[in-house]
Novice: 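Structure provided below as structure tokens; questions to follow.
Residue numbers start from 1 in every chain, and the chains themselves are labelled A, B, ... in the order their sequence lines are given, proteins ahead of strands.
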Protein chains: 2
Amino acid sequence: MARMVGGQAGGPAGGAARGAARPTLEEVAALAGVGRGTVSRVVNGSPRVSEKAKEAVLAAIAELGYVPNRAARTLVTSRTDSIALVVPEAETRLFSEPYFSDIISGVSAELAETEMQLLLILVRNRRERERLAAYLTAQRVDGVLLVSVHRDDPLPALLESLEIPSVLAGRRGDAEPLGYVIADNAGGARMAVRHLLRRGCDAIATITGPLDMEGARARLGGYRQALEEAGRPYREDLVGLGDFTEEGGRLAMRELLERSPGLDAVFCASDLMAAGAMQVLRAAGRWVPQDVAVIGFDDSVVARHTEPPMTSVRQPIEEMGRTMARLLLEEIGSPGRAHRQVVLATELVVRDSA
Amino acid sequence: MARMVGGQAGGPAGGAARGAARPTLEEVAALAGVGRGTVSRVVNGSPRVSEKAKEAVLAAIAELGYVPNRAARTLVTSRTDSIALVVPEAETRLFSEPYFSDIISGVSAELAETEMQLLLILVRNRRERERLAAYLTAQRVDGVLLVSVHRDDPLPALLESLEIPSVLAGRRGDAEPLGYVIADNAGGARMAVRHLLRRGCDAIATITGPLDMEGARARLGGYRQALEEAGRPYREDLVGLGDFTEEGGRLAMRELLERSPGLDAVFCASDLMAAGAMQVLRAAGRWVPQDVAVIGFDDSVVARHTEPPMTSVRQPIEEMGRTMARLLLEEIGSPGRAHRQVVLATELVVRDSA
DNA sequence: AGGCCGAGTGGGAGCGCTCCCACACAGGCT
DNA sequence: AGCCTGTGTGGGAGCGCTCCCACTCGGCCT
């Protein structure tokens with residue numbers, strides 16, 4: 001078992017052969033009695049190989065346990081067979097909790113049948129953003145998935161100018177040139193507000209997300225549409241500005257109560273904000289849903305654990321991850337093609353808060 | 001801008017030069033008026049370079065925007081400069097929600113100053129496990145971080161036999177040969193139970209995690225120790241078996257109530273189970289904490305949102321991630337050295353449920 | 001009969017780097 | 001003067017693969 005003797009043995013020593021030397025294409029070719037080219041063709045699924053040669057090669061591969069060396073392949077093809085999932089760190093926590101894992105889970109599921117490997121890159125500050133830029137410029141990935149897009153985020157523009165295949169979760173605006181996948185935010189918001197109207201709510205307030213994010217703006221837009229289609233006025237005094245955080249929800253709720261004490265419902269653009277709002281409502285002696293109905297957005301874990309359990313708009317996050325990966329693979333496969341853009345349906349999950 | 005003409009242009013076309021050709025070592029050498037070797041030495045920080053040559057090379061690198069080609073480097077060194085974070089999919093959701101993101105966040109933070117890239121590998125079933133084995137055998141990563149270790153998990157054994165540097169989050173048992181990082185599960189459990197004892201609780205029950213996980217066993221062990229050091233008996237009828245899920249917590253709580261209706265406290269090995277337990281208690285007409293005090297484990301988001309907010313044992317998850325990455329880098333840097341094993345302190349966060 | 005095709009094949013060249021050997025050259029010793 | 005250091009340097013070899021050119025060899029055409 002090649003145990004090392006002497007605890008503090010010299011530095012560079014010890015690097016020794018971990019496991020036996022891996023077989024190369026050449027060795028497979030020798031064993032199969034064919035040339036390197038033929039083995040390569042078999043491995044890469046070229047049709048121009050005789051049945052006989054193919055069998056011999058496959059047998060040799062199996063016998064030697066041959067696995068192609070990715071680095072060698074990358075060196076010549078300059079494909080890397082890996083894609084990066086880029087996540088601005090600030091968002092990690094902020095997002096409704098399972099968001100992050102669910103996106104990853106979807107992406108990974110879609111990649112599972114592929115040779116593609118998934119690189120995770122968290123970007124926490126300016127310096128790391130610059131490192132990322134260098135990284136991408138060096139073409140170390142075949143494509144990029146970018147989560148959480150703010151309107152002034154420089155990353156999408158970078159991806160665009162580098163012409164790296166990429167898909168966003170979100171978009172900068174209506175006319176996003178890059179490929180993206182989003183949930184039907186406006187539609188979800190409309191459903192929520194219609195639900196409140198149907199319940200007989202009259203003064204329906206909303207707490208928005210950060211309005212430099214298209215998703216937050218779309219949710220606000222849906223709120224407004226639902227009111228207008230019901231012939232209700234859109235009242236500025238019923239709109240509270242939040243930032244997707246619980247504390248933001250608390251602050252906005254307090255302000256709303258002060259400004260418009262007569263409100264009888266709140267549609268919040270995130271569950272976390274809704275949870276904060278519910279705390280403030282309770283502290284103010286208002287009962288949910290009797291005095292004030294509350295609806296959140298995301299249908300995250302917290303929604304199931306507030307008191308009362310929260311009605312919320314669900315977005316198919318894992319499906320978003322899958323779709324992102326699928327679009328990206330397509331784009332990598334046929335570059336130059338127009339970017340695809342997908343909107344996935346949302347769904348209202350009714351619990352007890354509205 | 002090299003726009004492509006003709007929408008549906010033929011398949012293999014369009015792969016054209018995305019961005020200008022990247023400069024190579026050779027070009028840098030030419031521009032700096034030195035040999036390839038010298039540039040390589042500068043790039044890799046070898047001390048055996050004159051100040052003058054170094055400056056010339058650095059200037060050339062800056063001018064050309066040179067970034068070393070990783071594949072070429074890997075091909076000759078057979079280092080990959082990447083490590084894999086392996087996560088059994090089943091766990092993704094199960095874990096107290098921010099767990100996953102926090103581990104990643106910690107790992108990534110520790111890697112940020114490094115050349116290392118982070119590969120994320122979710123393993124969802126037997127087939128993917130086998131693919132992973134092939135993957136690791138092909139030595140495509142320099143090291144592995146493995147999250148969530150069950151006693152009979154074949155992965156650690158695989159890592160061991162492959163002699164790949166690796167660090168576990170968790171361990172299989174006391175005598176884990178691989179490197180690992182864990183929280184002081186027993187200590188945390190002791191603190192929780194002591195807190196309950198101090199509060200005057202008399203019949204303290206516990207709901208365990210799946211006992212094929214060392215962490216769950218350790219928490220049960222801590223529960224028992226705290227009782228025994230206080231001279232209280234360890235009563236089997238006060239131990240409910242859970243599985244870390246909310247539903248598991250509900251089931252265990254119902255059983256406990258039936259078996260031992262006199263209980264006045266429950267220490268749960270996870271917040272999710274505690275949340276489930278609290279629902280059952282309320283449904284049974286028992287008030288928390290007046291009739292039954294409840295303590296969870298993890299201090300996850302749900303803990304802050306239960307009614308009443310939950311007292312819970314916090315583990316420093318991000319710190320665990322950082323530590324794992326650090327240990328792994330050390331192990332990669334000096335292989336053959338003994339595996340390091342770290343236990344991080346836990347902390348009792350007191351809220352209203354106990 | 002001669003010619004021409006296309007299918008199948010072998011193997012050279014080369015991707016961009018690191019490793020290491022050979023060498024130049026300044027300084028300090030006998 | 002001659003020698004031996006030690007420091008700094010250039011560049012050949014080669015990592016394992018894909019790409020592509022050149023070749024063979026049947027079968028089909030005129």
Novice: How long is the line joining CG of A:Asn69 and C1' of D:dG14, in whole Å?
Specialist: 13 Å
Novice: Would you say B:Tyr66 and B:Glu27 are linked by a side-chain donor-acceptor pair, where the criterion is simply a distance under 3.5 Å?
Specialist: no
Novice: Do the charged groups of B:Glu113 and A:Arg127 touch, with an N to O distance under 4.0 Å?
Specialist: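 The answer is yes: the pair qualifies as a salt bridge.
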Novice: Is a side-chain N or O of A:Arg36 found less than 3.5 angstrom from the main chain of A:Ala29, in a donor-acceptor match?
Specialist: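 No, A:Arg36 side chain to A:Ala29 backbone: no donor-acceptor pair under 3.5 Å.
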Novice: Find the distance A:Leu25:CG to D:dG14:C1' and express it as a whole number of Å.
Specialist: 16 Å
Novice: Among all residues two or more places apart in sequence or in another chain, which pass the side-chain contact (heavy atoms from CB on, under 4.5 Å) test with A:Ala32?
Specialist: A:Val34, A:Ala56, A:Val57, A:Ala60
Novice: Between A:Ser82 and A:Gln117, is there a donor-acceptor pair closer than 3.5 Å when you use the side chain of the first and the backbone of the second?
Specialist: no
Novice: For DNA chain C, which residues in residues 42-60 of chain A have a heavy atom at a distance below 4.0 Å?
Specialist: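 Heavy-atom contacts with DNA chain C come from A:Arg48, A:Val49, A:Ser50, A:Ala53.
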Novice: What is the distance, rounded to the nearest whole Å, between atom CZ of B:Arg36 and atom C1' of C:dG16?
Specialist: 9 Å
Novice: For nucleotides 21-24 of chain D, which of its nitrogen or oxygen atoms have a protein nitrogen or oxygen under 3.5 Å away, and what is each distance?
Specialist:
none

Novice: For B:Met116, is there any backbone N or O sitting under 3.5 Å from a side-chain donor or acceptor partner on B:Thr114?
Specialist: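 Here the side-chain-to-backbone pair does not exist.
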Novice: Under 4.0 Å between a Lys/Arg side-chain N and an Asp/Glu carboxylate O for B:Arg129 and B:Asp153?
Specialist: yes
Novice: Between the opening five pairs and the closing five pairs of the helix from C:dA1-D:dT30 to C:dT30-D:dA1, how far apart are the helix axes, to 10°?
Specialist: 60°
Novice: Between the protein and nucleotides 22-24 of chain C, which nitrogen or oxygen pairs come in under 3.5 angstrom?
Specialist:
none

Novice: Work out which heavy atom in B:Ser166 is nearest to a heavy atom in B:Leu178; give both atom names and the distance.
Specialist: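 Scanning both residues completely, I find the closest heavy atoms to be OG-CD2, 4.0 Å.
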Novice: Output yes when a side-chain donor or acceptor of B:Ser334 lies under 3.5 Å from a complementary backbone atom of B:Glu331, and no otherwise.
Specialist: no
Novice: Figure out the CG/C1' separation between A:Leu64 and D:dG16, and round it to whole Å.
Specialist: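 Result: 15 Å.
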Novice: With a 4.0 Å limit, can you tell me whether A:Thr38 has a side-chain N or O closer than that to the phosphate oxygens OP1/OP2 of C:dG10?
Specialist: yes
Novice: Where is the tightest heavy-atom contact between B:Leu145 and B:Ala325, given as atom of each residue plus distance?
Specialist: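 The pair with the smallest heavy-atom distance is CD2-N, 4.4 Å.
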Novice: Please give me every residue in residues 72-84 of chain A whose heavy atoms get under 4.0 Å of an atom in DNA chain C, ordered by residue number.
Specialist: A:Leu75, A:Val76
Novice: State whether the distance check finds a donor on one side and an acceptor on the other, under 3.5 Å, for side chain A:Arg22 versus base D:dG16.
Specialist: no
Novice: To the nearest Å, how far apart are B:Glu26 CD and C:dT18 C1'?
Specialist: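 Spelled out: CD on B:Glu26 to C1' on C:dT18 is 13 Å.
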Novice: For the pair A:Arg131 (side chain) and B:Ala112 (backbone), establish whether a donor and an acceptor sit closer than 3.5 Å, ignoring hydrogens and angles.
Specialist: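 At least one qualifying donor-acceptor pair exists.
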Novice: Is A:Glu330 salt-bridged to A:Arg340, cutoff N-O under 4.0 Å?
Specialist: yes
Novice: Answer yes when B:Glu160 and B:Arg172 have at least one side-chain N-carboxylate O distance shorter than 4.0 Å, and no when they do not.
Specialist: yes
Novice: Do side-chain atoms of A:Arg22 reach the backbone of B:Ala138 as a donor and acceptor pair under 3.5 angstrom?
Specialist: yes
Novice: Taking atom types as modelled, is there a side-chain donor on B:Arg124 or A:Ser108 under 3.5 Å from an acceptor on the other?
Specialist: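 Yes, a side-chain donor-acceptor pair sits under 3.5 Å.
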Novice: Using modelled atom types and a 3.5 Å cut-off, is there a donor and acceptor pairing between side-chain atoms of B:Arg70 and backbone atoms of B:Asp81?
Specialist: yes
